[in-house]
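Data block below; observations after.
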Amino acid sequence: MSDFTPRSEFLQTLMARGYVHQCSDYEGLDALAARGEVIAYVGYDCTARSLHVGSLISIMMLSWLQKTGNKPIALMGGGTTRVGDPSGRDETRRILSLEDIENNKSGIQGVFDKVIQFGASRTDALMVDNAEWLTQLNYIEMLRDIGRHFSVNRMMSMDSVRMRLEREQELSFIEFNYMILQAYDFTELARRYGCNLQMGGSDQWGNIVTGIDLGRRMGTPQLYALTCPLLTTASGAKMGKTASGAVWLNADMLSTYEYWQFWRNTEDADVGRFLRLFTFMPLGEIARLEALAGAEINEAKKILATEATALMHGREAAEAAAETARTTFEAGGTAADLPSIEVAEAELKAGLGVLNAFVRAGLVASNGEARRQVQSGGLRVNDAVVTDIGQMLTLADATQAGAIKLSFGKKKHVLVRPA
RNA sequence: GGGGGAAUGUCCCGAGCGGCAAAGGGGGCGGACUGUAAAUCCGCUGGCUAAGCCUUCGCAGGUUCGAGUCCUGCUUCCCCCA
């Protein structure tokens, strides 16, 4: 749809910033948005205690929706998580206990009010849980009212299903039903709240369109679909993984320092795209930063890191992370608020083996890995490369700051504090 | 119900004459070069109290000095026939 020129601020912004992958009806949606009548939802499954950067694009979309005068709905998948979405999955998801789902839900909810305003006015956001209606469904009624609108022939041809079948992988009946529930969510939200747009990642296209179809058959007003691209780096790698795992949005799952570092390590080619997607900075300013060449683009990366971190962790924490990074990487010093662990003073007096220390700090997984890293020169104590696997750390190694700095590679540092 | 095939290093794919901590990829991590980038090159990618010991090839037994490899039973999946 490159020849389409939107009139609404909502679509103009989303298209200019690179959020749009596919839309079911650009003109129709644009007309709604121009009148401020879009009520859009994005669904989030409660599969972990925190969402990760992969969900951030859609959260930003909800935010822009509100900023441009429309109403966002954040849908918690308290019900659908009990079933499990097969999209993009090779294997059956583990079935989570109800208790886990509740815990995850409460962990996830917190991120939304950082970029979206909730309340009771026309453009204030709503948060709802699809467990509210899904758990009320009765099987026979559901088959009669909803199931009759679904064609198994069509369901079999959907990407999420076909992929499993073609690769001869298990697809359980419960998962096969996921799209029905998601489609039903859309119509239920349309009925309850006048919701008329569902947004999501491009892998959700099939499920969303199925919902539009169901809505039409069940008599809702016209519904719309809008998907965003899936997040990958310029070199094609899936984004959102670090050495320690996923890039979580919650600070208790991934520290502010590490979150800032994640953005700081963005590839050159991604800087402009990420600034548009993950910050609210004006496009003109972004264009200027993006144009920086060579080593100068590092300035843009720092701004990206601080702005993106400020959105999720607060301005103050983001500035602090930036400062920690500056003293650590640019001044070559030791910042006091690097991640740290405590070791009993008595233990340090007796002498703590380097290998053990690196394992305790969580920098390496095992003694064996620590040994191997010593071989390739990847471990440092107070910036001195470790060459002897028998080296002992004692209180005497603590610098003036009162801690011992352990480094793994060039970027990962942990302080050992006597306690 | 009958017949045939499959399951390998807890990231993934995948080889494996009875001597195997188990080929080769991908991914990941470290080093060099750089700009906390990319590309390229090199190394590593079961655990431990470490020239030794322990635990790994769907599960449980068996044969053998010795089993991922052979035999029996079981589980799960796929294909063909009914």
Side-chain angles (χ1 to χ4, degrees), chain A residues 88-94 163-173 175 232-247 257-275 289-306 308-309 321-335 338-339 350-356 358-381 383-390 392 406-414:
Chain A
R89 280 291 183 135
D90 282 353
E91 290 168 21
T92 302
R93 277 178 202 263
R94 188 169 68 90
M163 225 178 61
R164 287 277 187 91
L165 296 179
E166 276 171 4
R167 298 168 70 171
E168 299 186 351
Q169 277 156 344
E170 165 82 354
L171 176 71
S172 71
F173 185 64
E175 294 173 286
T232 54
T233 67
S235 35
K238 259 191 219 134
M239 211 181 126
K241 295 286 182 191
T242 65
S244 39
V247 179
Y257 171 76
E258 289 170 288
Y259 191 73
W260 192 93
Q261 283 298 322
F262 167 74
W263 294 107
R264 174 63 246 265
N265 286 312
T266 296
E267 294 177 25
D268 288 7
D270 287 325
V271 172
R273 192 161 59 101
F274 287 3
L275 280 167
L289 289 171
E290 189 178 19
L292 292 175
E296 288 187 353
I297 200 158
N298 279 327
E299 288 312 311
K301 291 186 189 180
K302 287 179 210 168
I303 291 170
L304 167 65
T306 302
T309 304
E323 181 55 25
T324 301
R326 202 189 62 77
T327 44
T328 307
F329 288 97
E330 290 172 29
T334 302
L338 283 170
L352 176 64
V354 253
L355 302 183
N356 192 357
F358 275 90
V359 174
R360 293 263 289 270
L363 287 169
V364 296
S366 69
N367 243 322
E369 191 188 345
R371 280 166 196 270
R372 288 191 290 269
Q373 287 303 339
V374 170
Q375 294 292 313
S376 47
L379 303 186
R380 279 168 297 142
V381 173
D383 298 319
V385 175
V386 177
T387 51
D388 173 18
I389 59 171
M392 300 303 267
L406 305 184
S407 309
F408 174 42
K410 291 202 166 48
K411 301 181 189 174
K412 290 176 286 269
H413 312 278
V414 171

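Below, each value reflects all heavy atoms present in this structure, side chains not excepted, and no hydrogens, waters or symmetry copies. Letters go in sequence order (proteins before strands), and every chain restarts at 1.
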Please name the nucleotide paired to G1(B) by Watson-Crick or G-U wobble geometry with both distances under 3.5 Å, or report none.
C81(B)
pair_partner(C70(B)), Watson-Crick or wobble, both distances < 3.5 Å, evaluates to G62(B)
Taking G28(B) as the reference, what is the distance to C65(B) when you measure between their C1' atoms (whole Å, please)?
41 Å
Check this for me: does any side-chain nitrogen of one of E323(A) and R326(A) sit under 4.0 Å from a carboxylate oxygen of the other?
yes
Proximity to the side chain of N367(A) - top-ranked nucleotide from A50(B), G30(B), G35(B)
A50(B)
When all nucleic acid strands are considered with a 4.0 Å heavy-atom cut-off, which category describes G377(A): base, sugar-phosphate, or nothing?
sugar-phosphate
Without swapping roles, check the side chain of R380(A) against the backbone of G409(A) for a donor-acceptor pair under 3.5 Å.
yes
Minimum-distance nucleotide (side-chain atoms of W260(A) versus G35(B), G30(B), U36(B)):
U36(B)
Could you tell me how far U64(B) sits from G68(B) if I compare only their C1' atoms? Round to whole Å.
16 Å
Syn or anti for C20(B), given that syn means the glycosidic angle lies within 90° of 0?
syn
P atoms of G16(B) and G43(B), separation to the nearest Å
26 Å
pair_partner(C48(B)), Watson-Crick or wobble, both distances < 3.5 Å, evaluates to G52(B)
Say we look at C33(B) and A22(B): how far apart would their C1' atoms be, to the nearest angstrom?
35 Å
So if I take every side-chain heavy atom of K301(A) and compare against G35(B), A50(B), C29(B), which nucleotide ends up nearest?
G35(B)
C1'-based separation of U34(B) from G24(B) [nearest Å]:
31 Å
Tell me: CD of E369(A) to P of G31(B), nearest whole Å?
12 Å
What's the gap between C59(B) and U69(B) when it is taken at their P atoms, as a whole Å value?
11 Å
Taking the side chain as C-beta and beyond, is there a heavy-atom pair between L275(A) and E290(A) under 4.5 Å?
no
Kindly indicate whether the side chain of Q261(A) and the base of U36(B) share any N or O donor-acceptor pair separated by less than 3.5 Å?
yes
To the nearest Å, how far apart are Q375(A) CD and G30(B) C1'?
12 Å
Considering Watson-Crick and G-U wobble pairs with both distances under 3.5 Å, what does G18(B) pair with?
none
A7(B) -> Watson-Crick or G-U wobble partner, both distances under 3.5 Å, gives U75(B)
Could you check whether I297(A) gets within reach of a base, just the sugar-phosphate, or nothing at all, counting any heavy atom under 4.0 Å?
base
Nearest-nucleotide pick for N265(A), side chain only, options being C29(B), U36(B), G35(B)
U36(B)
Nearest to the side chain of S366(A) - G30(B), C48(B), G35(B)?
C48(B)
Can you identify which nucleotide, out of A37(B), U36(B), A50(B), has its nearest atom closest to the F329(A) side chain?
U36(B)
Using heavy-atom distances to pick each residue's nearest nucleotide on RNA chain B, tell me which of G294(A) and V359(A) is more 5'.
G294(A)
Among the candidates A38(B), U36(B), G30(B), find the nucleotide nearest to the side-chain atoms of R264(A).
U36(B)
N356(A) atom CG is separated from A50(B) atom C1', nearest whole Å, by 15 Å
Rounded to whole Å, the CZ-C1' distance (R371(A) to A50(B)) equals 6 Å
Is the distance between the ring centroids of Y257(A) and H413(A) under 6.0 Å?
no
C1' gap between C80(B) and G14(B), integer Å
26 Å
When rounded to whole Å, the CG to C1' distance for the pair L304(A) and U36(B) reads 13 Å
Which sits closer to the 5' end of RNA chain B, A325(A) or F408(A), going by the nucleotide each is nearest to?
F408(A)
Determine, step by step, whether E369(A) and R372(A) satisfy the salt bridge (Lys or Arg N to Asp or Glu O under 4.0 Å) criterion, reporting the C-alpha distance in whole Å, the side-chain angles of both residues, the deciding distance to 0.1 Å, and the verdict.
CA-CA 5 Å; E369(A) 191 188 345; R372(A) 288 191 290 269; 5.6 Å; no
Can you tell me the distance, in whole Å, between the CZ atom of F274(A) and the C1' atom of A37(B)?
12 Å
What's the separation between atom CZ in R360(A) and atom CG in L352(A), rounded to the nearest 0.5 Å?
5.5 Å
Among C44(B), A37(B), U36(B), the one nearest R372(A) by side-chain distance:
C44(B)
Rounded to whole Å, please give me the gap between CD in E267(A) and P in A38(B).
6 Å
Nearest-Å distance, CD (Q373(A)) to C1' (G30(B))?
4 Å
Using a cut-off of less than 4.0 Å, is there contact between a side-chain N or O of K411(A) and OP1 or OP2 of A37(B)?
yes
Between T309(A) (side chain only) and T306(A) (backbone N and O only), is there a donor and an acceptor less than 3.5 Å apart?
no
Short side-chain N/O contact from K412(A) to OP1 or OP2 of G30(B), under 4.0 Å:
yes
If I compare all heavy atoms of V364(A) with all of A370(A), which pair ends up nearest, and what's the gap?
CG2-CB, 3.8 Å
Could you tell me how far U56(B) sits from U63(B) if I compare only their C1' atoms? Round to whole Å.
22 Å
Does D268(A) get its side chain close enough to the base of G35(B), under 3.5 Å, for a donor-acceptor pair?
yes
To the side chain of S376(A), which of G30(B), U36(B), G35(B) is closest?
G30(B)
Has K302(A) got a side-chain N or O lying under 4.0 Å from the OP1 or OP2 atom of A37(B)?
no
